[in-house]
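Notes to accompany the following structure.
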Amino acid sequence: MARPPAATLPTDHAPARRSFTPRAAAGVALAALLMLALTVAVLRMVERTAHREATAAVTQRALTAAQFNVATLRRDLEKHRALPFVLAQDPDVKTALATADPQRLAALNGKLEALAAGTGASVIYAVDRRGLTVASSNWRGPDSFVGENYAFRPYYQGAMAGGAAEHFALGTISRRPGLYLSHRLDDAGGQPLGVVVVKVEFPGLEEDWAHLAEPVFVTNSDGVVLLTSEPGWRFRSMVPLGEAAAEQLRRSLQFGDGTFAPLPIRPFSAATGGAPARKPPASGEEVRADVPGHPAGDSYLHVALPVPSTHWTFHLLAPSRDERTGIAARMQAQALVVLLLAYIAIASAIYVRRRLRRHNAQQAAIRAELTARVQARTAELQAANDQLRAEMEERRQAELRLHAAQEELVQANKLTFLGQIAAGVAHEINQPVAAIRSYADNAGSYLERGEADGARSSLARIGALTERIGAITGQLRAFARKGSGAREPTPVDDAIEGALLLLGPRLRTQPVALVRSGDKGLRVQAERLRLEQVLVNLLQNALDAVAGRDDARIDIATHADHADGANGGDDARVRIEIADNGPGIAPEIAERLFTPFSTSKPEGMGLGLVISRDIVAEFGGTLDTRPRSGGNGGSGSGAIFTITLNSAP
Ligand code: ADP
């Protein structure tokens, strides 16, 4: 039966499974894209958060710094504000102004000089009601204010009108900016005598600011820079001033010939080098500014605080880039680590799930394969079983048929022998019948002569002869009967005798030397008549083989073989050998000697040996032949046929 080729079970290491299908590649590419997009989105988000955080942190610090600086500035201002007020009450100053007495004015010069040196004020001077400076702390110097008319100055006009004024301006003589604090002096009748002015400069403060990391500056209500840590920014404006306003300021000489160019501060979103904003940035807003000593367009956080008791605003630009990038880098690094861990976790989960799924699929495939194989095998076995059963049935039928055929053949063979033997027997019987006749005649003659003894002797001979005839016919009858199939202990000698008796007529006509040898009195498990049939067959063949020979000889030998040495044991065998000195088995039929219709004789049937072997086999024995080498009976080599049978008790 053709077997299906063994299917290869799928395994974990099957290379086909490992190969990268286009679908899998597309999946990986998509996953990579998604991961990339997610990473970019998260980094963006983190950056924005970092920006917010950085802004909050920087704002907090900047506010603290701004508050501190505003407080310092205010303390400075407050310190100097008291001075003009006190001087306005001073009787010496009043008298000097009222009298314009040179001596008193000279004394006032000295007093103001000492006061300026003591308070740190830049200049202190007294102006009469026309605006003319009559005494000044810097009376000694070449840039003395004495004699100068400041009636045009807003601090003079303000004080004359309102009693006190404050004005930040560039000194007309010193060209140094400062805050002018003025207070009006009145006489006893309430008439103005003049104005006392204290100019405060802030070089120390600005110097301190210059050391700060953040650019700081103070603007007035117009947005013009008054004080600043960046000298180049002085008198520039937060927003572009209108041309008219700028012109007016220039004419007032408040800030000398300042250009009021806008500060290099832009909204954060503006491009580098872009136009300045139209409106000033709000406090807490991020801006870009070109600060000397720093990268152009760097980002800063703008913090603005009003300076109490003034119309000024304090500005501070806190660098935010480092803070922002620092925080962003830190947060992005953390986010990246988290993302990476998440990706690894997701990838691991996907990998494990895939493996599990593949494993399950493989298991299912293996199970299915095994089930299919088992089913196929079962079907095969079933088919084989069925076939075997059918074959067995066929064989049984064939055996039955064969058996029947054999039976028939045996019978036919027997009849053939019988025909041959009957001819011989008829001849054999003729003789005794003729002898009986002559003995009967003799007996008659003896009786006529009254010789009773002679008659009795003749009758006795007749009796013996009829016995002999009876024996011959009995044998023939027995031979013609079908075998009973019963096995019983059978004396070998009797069987041989029977066979020889049947062959008697032929033996008497054909000259042959018959030699018996070996053990006597042996018994075998057989059926006597059938054993005789076998012996007759073998002896006839031997007689055929030696026919025509002068030295024709047939040896019949019987031997008991004790396989285990025990006598009469179950496995004890008896050999009956029939040897002749004929020509031996013809080579052309030697191969198929025991097959039906193998014969070398013109009138032969080729059935004798087949049937004989079958009969012997039925007794549990064997029938074989072998050539007789050398031989002791003459020139022919001859053949030996051996019947081996189970010995019987
Ligand atoms: P048959 O005698 O009808 O031919 P057998 O089966 O008895 O059939 O014998 C088959 C053949 O075996 C014989 O034709 C003969 O050639 C050969 N054969 C049998 N016995 C002998 C023997 N003793 N010597 C030589 N040949 C033999």
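Atoms within a ligand are numbered from 1 in the order they appear, just like the ligands themselves.
Using a 4.0 Å cut-off between a side-chain N of Lys or Arg and a carboxylate O of Asp or Glu, Arg528 and Glu532 qualify as a salt bridge. Comment: Arg626 engages Glu577 in a salt bridge, judged by a side-chain N to carboxylate O separation of less than 4.0 angstrom. Look at Asp494 and Arg523 and you find no salt bridge, because none of the NZ, NE, NH1 or NH2 atoms lies under 4.0 Å from a carboxylate O. Salt bridge status for Glu393 with Arg396: present, with a side-chain N to carboxylate O gap under 4.0 Å.
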Output, or 'none' if empty, a list of ligand 1-protein atom pairs in which both atoms are N or O and the distance is under 3.5 Å, rounded to 0.1 Å.
unit_1, atom_1, unit_2, atom_2, d
ligand 1, 2 (O), Asn541, OD1, 3.1
ligand 1, 2 (O), Lys601, NZ, 2.7
ligand 1, 3 (O), Met605, N, 2.9
ligand 1, 3 (O), Gly606, N, 3.2
ligand 1, 4 (O), Thr599, OG1, 2.5
ligand 1, 6 (O), Gly608, N, 3.4
ligand 1, 6 (O), Leu609, N, 2.9
ligand 1, 7 (O), Asn541, OD1, 3.1
ligand 1, 7 (O), Asn541, ND2, 2.7
ligand 1, 8 (O), Gly606, N, 3.4
ligand 1, 14 (O), Thr599, OG1, 3.2
ligand 1, 14 (O), Ser600, N, 2.8
ligand 1, 14 (O), Ser600, OG, 3.2
ligand 1, 16 (O), Ser600, OG, 2.2
ligand 1, 23 (N), Asp580, OD2, 2.7

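The shortest non-hydrogen separation linking Val546 to Gly582 is CG1-N, 3.7 Å.
In terms of modelled atom types and a separation under 3.5 Å, the side chain of Thr558 and the main chain of Asp519 share a donor-acceptor contact.
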